[in-house]
2 protein chains.
Amino acid sequence: MTYSSADFPPFAVTVDLTILTIRRNRLCLMLITRGEEPFRGDLALPGGFVRADESIDDAASRELLEETGLALFDGHIEQLATYGSPDRDPRMRVVSVAYVAFAPNLPDPVAGTDAAEAMWIEVDDLPSEMAFDHREMVDDALERVRSKLEYSTLATEFVEETFTMRDLQTVYETVWGTTWDRANFRRKVLATPDFVRPVVGRTASTGSRGRHAQLYRAGSATALHPPMLRA
Amino acid sequence: MTYSSADFPPFAVTVDLTILTIRRNRLCLMLITRGEEPFRGDLALPGGFVRADESIDDAASRELLEETGLALFDGHIEQLATYGSPDRDPRMRVVSVAYVAFAPNLPDPVAGTDAAEAMWIEVDDLPSEMAFDHREMVDDALERVRSKLEYSTLATEFVEETFTMRDLQTVYETVWGTTWDRANFRRKVLATPDFVRPVVGRTASTGSRGRHAQLYRAGSATALHPPMLRA
DNA sequence: TCAAAAGTGTTGAACATACACCCATGT
DNA sequence: ACATGGGTGTATGTTCAACACTTTTGA
């Protein structure tokens, strides 16, 4: 079959966002409560229609800002997968492109914005039933993020601009539910060239009781060879 | 923004296929020559419109059979990514969901079928210009397949149902352009539980001159821990 | 001075690499 | 018999996991 400029079935195209952050040492996910049918009252991923003149990536970025209420998002966003069963939306034929986004310390949803009905839910406390096929999207997103921790430097997207080795270790332990030997974790991170860069002359000076930790910034490396092990 | 059942912009949705196989120890890709505008005469990925009543995955499988001319495809197909720049098709707004498929020994395109204008191109011999954004899709597909070899048992999809260790090694060497020590490759494969299963009592009896190799089938393992190294 | 947290050292086990050697088969 | 390719053994170097130890800081 080849392209033809006539006689194609029309689809609506939406984006849906799985926005992940770590709050109080727990992996959390932004969900909204649907205010209208279908699935009124169910939890759903934030999202919306792709406009006629914007790219899908642009639509995802736009929705991300609208939903978080941020003026600028300094985390990471990437496309996850596209979902297009004929009956996934009972009203019409909708194809949805799902995205995953990560950032540290995202704020609580603020009343009076588009994010008013949004909330943070711990991923260990998700409802089994969600609107549309959003539960499937969430499972795929969690699989993606857990997998990417192993082979990429994604973990640095979950911490602030400067961070300690302990902060980074906590990301792995939170997302994977594992524990690591402190010394071996440090050596593994430092063994990857330019995974992290020490911030010269600065140490964490918060009210911590012990020795102040060296601060690091994310380096330019993206792939991990060898990968972090999932214990 | 929330869903609304009115006033959404209409999109055409297509699937595009990156079909990979190994022929004469070279990684090859199926391309077609476009017979109409736009991009008439350029090389393009096979693909077509998603129908009104089929899922996107079903559309990809349907196109795969049509393009290869096979009655049944026993390889592997998976979704790659979705491409939706507003101007990627000059005629209208088209969102395309790209898929990657792998199989051993796919036949030459046969005249008289939909695949008549299709051909196999070695990936080292690709044109820099392709129709639409198909060159970008191909680059993403190659990155995906090379990466998946490391962390998954995907390599078994490129060989016949039964295969020798040497066959499997050739897949890695062809896709990655590396060489391996025979003995160490074998030990690495066998170290992953149920990566491959020996076929009892059977050995390759083709006209090979040396000792007959043990035959294996793909096992049920999907992930590789530890991963194959990319040298 | 003590507790807490960061950072370093060390040791035995596991693994990877390179290569030598033996085995089975067709000519 | 011997060339050819499959399969196994092994010595050496490297990395990994566990945990003991030292350093720095706040109270």
Side-chain angles (χ1 to χ4, degrees), chain A residues 25 149-151 155 159-160 162-174 176 178-193 195-217 221 223-231, chain B residues 25 149-151 155 159-160 162-174 176 178-193 195-217 221 223-231:
Chain A
N25 278 10
L149 272 200
E150 270 184 278
Y151 309 121
V159 292
E160 305 286 349
T162 63
F163 52 88
T164 66
M165 276 291 167
R166 172 62 79 181
D167 294 333
L168 197 62
Q169 186 175 344
T170 299
V171 172
Y172 281 90
E173 294 182 344
T174 300
W176 283 349
T178 60
T179 59
W180 280 75
D181 180 277
R182 235 178 1 98
N184 296 336
F185 179 84
R186 148 182 291 273
R187 271 187 289 257
K188 210 153 168 63
V189 169
L190 295 178
T192 298
F195 186 178
V196 297
R197 291 176 184 159
V199 178
V200 292
R202 297 279 328 278
T203 54
S205 53
T206 61
S208 59
R209 271 189 291 290
R211 174 173 173 176
H212 294 169
Q214 175 64 245
L215 288 177
Y216 296 89
R217 274 181 221 285
L224 257 40
H225 291 292
M228 286 280 170
L229 299 180
R230 223 193 271 216
Chain B
N25 277 10
L149 272 199
E150 271 184 279
Y151 308 121
V159 293
E160 304 287 347
T162 63
F163 52 89
T164 66
M165 276 291 167
R166 171 64 78 183
D167 294 334
L168 197 61
Q169 185 174 345
T170 299
V171 172
Y172 281 89
E173 294 181 344
T174 299
W176 282 350
T178 60
T179 59
W180 280 75
D181 180 277
R182 236 178 359 103
N184 296 336
F185 178 84
R186 148 183 292 273
R187 271 186 289 256
K188 206 149 170 71
V189 169
L190 295 178
T192 298
F195 185 178
V196 296
R197 291 175 184 158
V199 178
V200 292
R202 297 281 327 279
T203 55
S205 52
T206 61
S208 59
R209 271 188 291 288
R211 175 174 172 175
H212 294 170
Q214 175 64 246
L215 287 177
Y216 296 89
R217 272 181 223 283
L224 257 40
H225 291 291
M228 285 281 169
L229 300 180
R230 225 193 270 217

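Every chain is numbered from 1, with letters handed out A, B, ... down the list of sequences.
- Between the OG1 atom of B:Thr164 and the OH atom of B:Tyr216 there is a distance of 9.0 Å, given to the nearest 0.5 Å.
- Per the geometry, CZ belonging to B:Phe185 stands 12 Å off P belonging to D:dG7, to the nearest Å.
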For nucleotides 15-24 of chain D, 5' to 3', base contacts (B), sugar-phosphate-only contacts (S) and non-contacts (-) with protein non-hydrogen atoms under 4.0 Å give -SBBB---BB
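- At a threshold of 4.5 Å between non-hydrogen side-chain atoms, the residues A:Leu190 and A:Met165 count as touching.
- We find the CH2-CG distance between B:Trp180 and B:Leu168 to be 10.5 Å, quoted to the nearest 0.5 Å.
- Taking the six-membered ring where the residue is Trp, B:Phe185 and B:Tyr172 present perpendicular rings, their angle passing 60° and hence far from 30°.
- A:Arg186 is not listed as a side-chain neighbour of A:Gln169, based on a closest heavy-atom distance of 4.5 Å or more.
- Remark: B:Arg186 is not in phosphate contact with D:dG6, judged by side-chain N or O atoms under 4.0 Å from OP1 or OP2.
- Taking 4.5 Å as the limit, some side-chain heavy atom of B:Leu229 sits within range of a side-chain heavy atom of B:Lys188.
- Looking only at side-chain heavy atoms (C-beta outward), A:Thr170 and A:Phe163 stay at 4.5 Å or farther from each other.
- At the phosphate of C:dA5, neither OP1 nor OP2 sits under 4.0 Å from any side-chain N or O atom of A:Arg166.
- C:dA16 atom C1' lies 19 Å from atom NE2 of B:His225, rounded to whole Å.
- If you measure from atom CD of A:Gln214 to atom C1' of C:dA5, you get 15 Å, rounded to the nearest angstrom.
- Computed from C1' positions of five pairs at each end, the angle between the two local axes of the helix from C:dT1-D:dA27 to C:dT27-D:dA1 equals 0°, rounded to 10 degrees.
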